[in-house]
Amino acid sequence: MKLINLVGTRPQFIKAAALSRQLKLNSSIQEIIVHTGQHFDKNMSAVFFDDMMIPKPKYNLQVNSLSHGAMTGRMIEKIEEVLQKENPDFILVYGDTNSTLAGALAAKKLHVKVAHVEAGLRSFDMQMPEETNRILTDRISDILFCPTDTAIKNLEIEGYNNFNCKIVKNGDVMMDVALFYAKISAQKSNIIEQLNLKDFVLATIHRQENTDNLDYLKNIISAFNTIAEKINLVLPLHPRTRAIIEKNNIKTSFKIINPVGYFEILELLKNCKLVITDSGGLQKEAFYFHKHCITVRKQTEWVELVNGGFSCLANSNLESIILAYEKMENKKSDFNVDYFGKGNASEIVVQTLLSY
Ligand code: UD1
Ligand code: UDP
């Protein structure tokens with residue numbers, strides 16, 4: 001079997017690393033990694049390939065920094081060329097980015113089977129580019145790998161049992177690699193000593209709905225400034241957010257660092273007191289490392305974390321984030337709950353592909 005493992009963004013490198021490790025164990029599958037180029041800075045891309053020993057992409061399509069339509073369109077064209085050349089049996093796409101949709105669409109039109117990892121998730125907010133990407137990708141996928149029971153239920157409600165596709169609950173592929181690399185991250189990274197961190201909050205902000213609304217971004221930064229009066233706050237800063245903060249001269253009084261590699265983020269997660277984020281991946285990783293999380297979004301696809309009291313939603317305003325911080329700062333919870341599978345999500349994907 002010939003399979004294209006399609007990646008483009010930071011979380012996709014992490015998810016593809018989980019799959020790539022499993023695929024290596026099966027000599028009957030030929031894996032070809034295709035990088036759309038959506039993320040391209042060294043510490044947004046190459047660092048993950050190095051840290052997680054992901055095979056070098058055979059193709060890098062170098063499509064990035066464009067509007068949604070231009071980016072998705074150019075990716076479709078270039079992925080189509082690769083598909084015509086390689087003629088694979090499957091394309092594996094992850095999550096909800098423009099790279100995901102471009103890969104699924106290019107493949108479907110050429111009758112290449114599409115397997116979607118992280119299928120069935122919904123925020124029910126059609127303003128989010130990710131919601132459009134995930135709904136359209138799900139609809140044209142042949143195999144939908146769902147991380148949670150909620151994802152399966154979402155698909156049932158949308159009538160997917162009447163469609164010609166296979167739905168599998170496999171769990172979260174990010175959990176597979178988080179648990180694996182957490183065992184070695186302390187030897188690989190000394191970021192905690194380097195930054196001299198003791199009690200600290202780990203924060204990330206990059207989602208378009210927060211960064212493209214200047215009032216929201218100012219409110220969030222203002223909340224971080226307030227929290228940083230009480231406790232250290234570290235923000236590895238996504239280039240999208242950095243550009244807007246710099247352009248608008250927004251004052252920050254906490255520790256800003258460049259985006260970090262996978263070993264560094266694992267060490268930050270293991271050692272922090274609390275996570276504040278709008279990231280999809282980080283919400284789950286906080287849970288894996290038994291940290292409470294404030295999710296700076298109107299809603300989340302990972303509803304189980306909110307319902308279980310592990311995460312708390314906060315609107316993008318000062319009061320809402322501070323209230324959430326006060327609620328979560330000293331909270332105690334039993335994190336031994338199985339929402340996202342058993343850490344064998346990528347193995348289930350490979351076994352399903354082999355028996356399809
Ligand atoms: C994308 C995904 C988002 C995901 C995020 C993961 C879409 C619609 N959005 O958002 O769902 O959560 O990736 O991080 O696909 N940039 C750099 N260097 C880089 C990467 C990006 O400078 O290595 C700049 C780009 O030039 C662009 C901006 O950051 O101006 C945004 O990048 P883009 O890939 O469009 O979207 P993300 O915000 O990264
Ligand atoms: N991450 C990282 N370095 C950073 C910030 C994030 O390695 O400086 C990792 C982290 O493990 C997270 C993943 O990148 O789960 C996802 O990235 P991001 O938050 O950009 O995307 P999302 O999950 O929201 O799509």
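Just so it is clear, the structure is predicted and the values come from calculations on it, not from any experiment. As the structure lists them, so they are numbered: ligands from 1, and atoms in each ligand from 1. These numbers come from the heavy atoms of this one structure, side chains and all, not from hydrogens, waters or symmetry mates.
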Enquirer: Are a donor atom and an acceptor atom from the side chains of S311 and Q283 found within less than 3.5 Å of each other?
Expert: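 No donor-acceptor contact under 3.5 Å links the two side chains.
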Enquirer: Specify side chain, backbone, both or neither for P236, according to which of its non-hydrogen atoms lie closer than 4.0 Å to ligand 2.
Expert: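 Side chain only.
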Enquirer: If you measure from each non-hydrogen atom of E285 to ligand 2, which part falls under 4.0 Å: side chain, backbone, both or neither?
Expert: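 E285 to ligand 2: side-chain contact only, backbone stays beyond 4.0 Å.
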Enquirer: Under 3.5 Å between some N or O of ligand 1 and some N or O of P239?
Expert: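 No, no N or O pair falls under 3.5 Å.
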Enquirer: May I ask whether E130 places a heavy atom under 4.0 Å from ligand 2?
Expert: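 Per 4.0 Å heavy-atom rule, E130 does not contact ligand 2.
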Enquirer: Pairs under 3.5 angstrom only: tabulate donor-acceptor contacts from the side chains of residues 57-68 to other protein residues two or more places apart or in another chain.
Expert:
unit_1, atom_1, unit_2, atom_2, d
K58, NZ, E86, OE2, 2.8
Y59, OH, E86, OE2, 2.5
N60, OD1, Q62, N, 2.9
N64, ND2, G37, O, 3.0
H68, ND1, N98, ND2, 3.1
H68, NE2, Q208, OE1, 3.0

Enquirer: Does any N/O atom on H238 come nearer than 3.5 Å to any N/O atom on ligand 2?
Expert: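 No; every N/O pair is 3.5 Å or more apart.
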Enquirer: Taking the six-membered ring for Trp, are the ring centroids of F13 and H35 within less than 6.0 Å of each other?
Expert: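 Ring-ring flag for F13/H35: true, centres closer than 6.0 Å.
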Enquirer: Applying salt bridge (charged side-chain N to carboxylate O under 4.0 Å, His left out), run through E77 and R74 and close with a yes or a no.
Expert: CA-CA 5 Å; E77 262 189 271; R74 278 179 218 178; over 6 Å; no
Enquirer: So is I14 polar-close to ligand 2, meaning N/O to N/O under 3.5 Å?
Expert: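 No, since none of the N or O atoms of I14 sits under 3.5 Å from an N or O of ligand 2.
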Enquirer: Within the structure, is a non-hydrogen atom of K284 found at a distance of less than 4.0 Å from ligand 2?
Expert: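 Contact check K284 vs ligand 2: negative.
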Enquirer: Quick one: look up the protein heavy atom nearest atom 36 (O) of ligand 1 and list residue, atom name and how far away it is.
Expert: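 Of every protein heavy atom, R240 NH2, 3.5 Å lies nearest to atom 36 (O) of ligand 1.
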Enquirer: From the options E130, R134, Q12, select the one residue that forms a side chain to side chain donor-acceptor pair (under 3.5 Å) with T100.
Expert: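 Only one option passes, and that is Q12.
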Enquirer: I need the minimum non-hydrogen distance between E131 and S123, along with the two atoms involved.
Expert: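 Answer, listing the atom of E131 first, then S123: OE1-N, 2.8 Å.
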Enquirer: May I ask you to check if ligand 2 and P259 share an N or O to N or O distance below 3.5 Å?
Expert: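 Checking ligand 2 against P259, no N or O pair falls under 3.5 Å apart.
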Enquirer: Heavy atom to atom 4 (C) of ligand 2, shortest distance: which of R10, R207, M44, M174 holds it?
Expert: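 Residue with the shortest heavy-atom distance to the ligand atom: R10.
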Enquirer: Begin from the C-alpha positions of D338 and K342 and carry the test salt bridge (charged side-chain N to carboxylate O under 4.0 Å, His left out) through to its verdict.
Expert: CA-CA 7 Å; D338 171 9; K342 311 230 174 297; 2.6 Å; yes
Enquirer: Under a 4.0 angstrom heavy-atom cut-off, which atoms of ligand 1 come close to H206?
Expert: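 Here the atoms of ligand 1 in question are 4 (C), 5 (C), 6 (C), 12 (O), 14 (O).
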Enquirer: Would you mind checking if E81 and K78 are paired as a salt bridge, meaning a charged N to carboxylate O distance below 4.0 Å?
Expert: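 A salt bridge is absent here (no side-chain N lies under 4.0 Å from a carboxylate O).
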Enquirer: Give a yes/no on ligand 2: does G261 have at least one heavy atom closer than 4.0 angstrom to it?
Expert: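 For ligand 2, residue contact (heavy atoms, under 4.0 Å) with G261 is present.
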Enquirer: Do S141 and C165 come close enough that some side-chain heavy atom pair is under 4.5 Å?
Expert: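 Of all side-chain heavy-atom pairs linking C165 with S141, none is under 4.5 Å.
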Enquirer: Using heavy atoms and a 4.0 Å limit, tell me yes or no: is Q208 in contact with ligand 1?
Expert: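 It does not, in that no heavy atom of Q208 comes within the 4.0 Å cut-off of ligand 1.
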Enquirer: Determine, considering heavy atoms only, which of Q38, R10, H39, H238 sits nearest to atom 7 (C) of ligand 1.
Expert: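 Checking each option, the heavy atom nearest atom 7 (C) of ligand 1 is found in Q38.
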Enquirer: Out of G95, A178, G280, who is nearest to atom 24 (O) of ligand 2 when you count heavy atoms only?
Expert: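 Among G95, A178, G280, the closest heavy atom to atom 24 (O) of ligand 2 comes from G280.
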Enquirer: Is T9 in polar range of ligand 1, meaning some N or O pair under 3.5 Å apart?
Expert: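 There is no such contact.
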Enquirer: If we count only N and O atoms by modelled type, under 3.5 Å, do the side chains of N317 and N315 hold a donor and an acceptor together?
Expert: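 No pair is found: no donor N or O on one side chain lies under 3.5 Å from an acceptor on the other.
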Enquirer: Using heavy atoms and a threshold below 4.0 Å, how should the contact between I265 and ligand 2 be classified: side chain, backbone, both, or neither?
Expert: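 The side chain, only.
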Enquirer: Which atoms of ligand 1 are found less than 4.0 Å from any heavy atom of S65?
Expert: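 Contacts of ligand 1 toward S65, numbered from 1: 25 (C), 26 (O).
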Enquirer: Which atoms of ligand 1 sit under 4.0 Å from any heavy atom of M71?
Expert: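 So the answer, numbered in order with elements, is 35 (O).
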Enquirer: What atoms of ligand 1 come within less than 4.0 Å of a heavy atom belonging to E130?
Expert: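 By the 4.0 Å cutoff, the relevant atoms are 3 (C), 9 (N), 11 (O).
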Enquirer: Are any of the N/O atoms in S279 less than 3.5 Å from those in ligand 2?
Expert: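 Yes.
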Enquirer: Going by heavy atoms, is P11 under 4.0 Å from ligand 1?
Expert: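 The answer is yes: ligand 1 sits under 4.0 Å from a heavy atom of P11.
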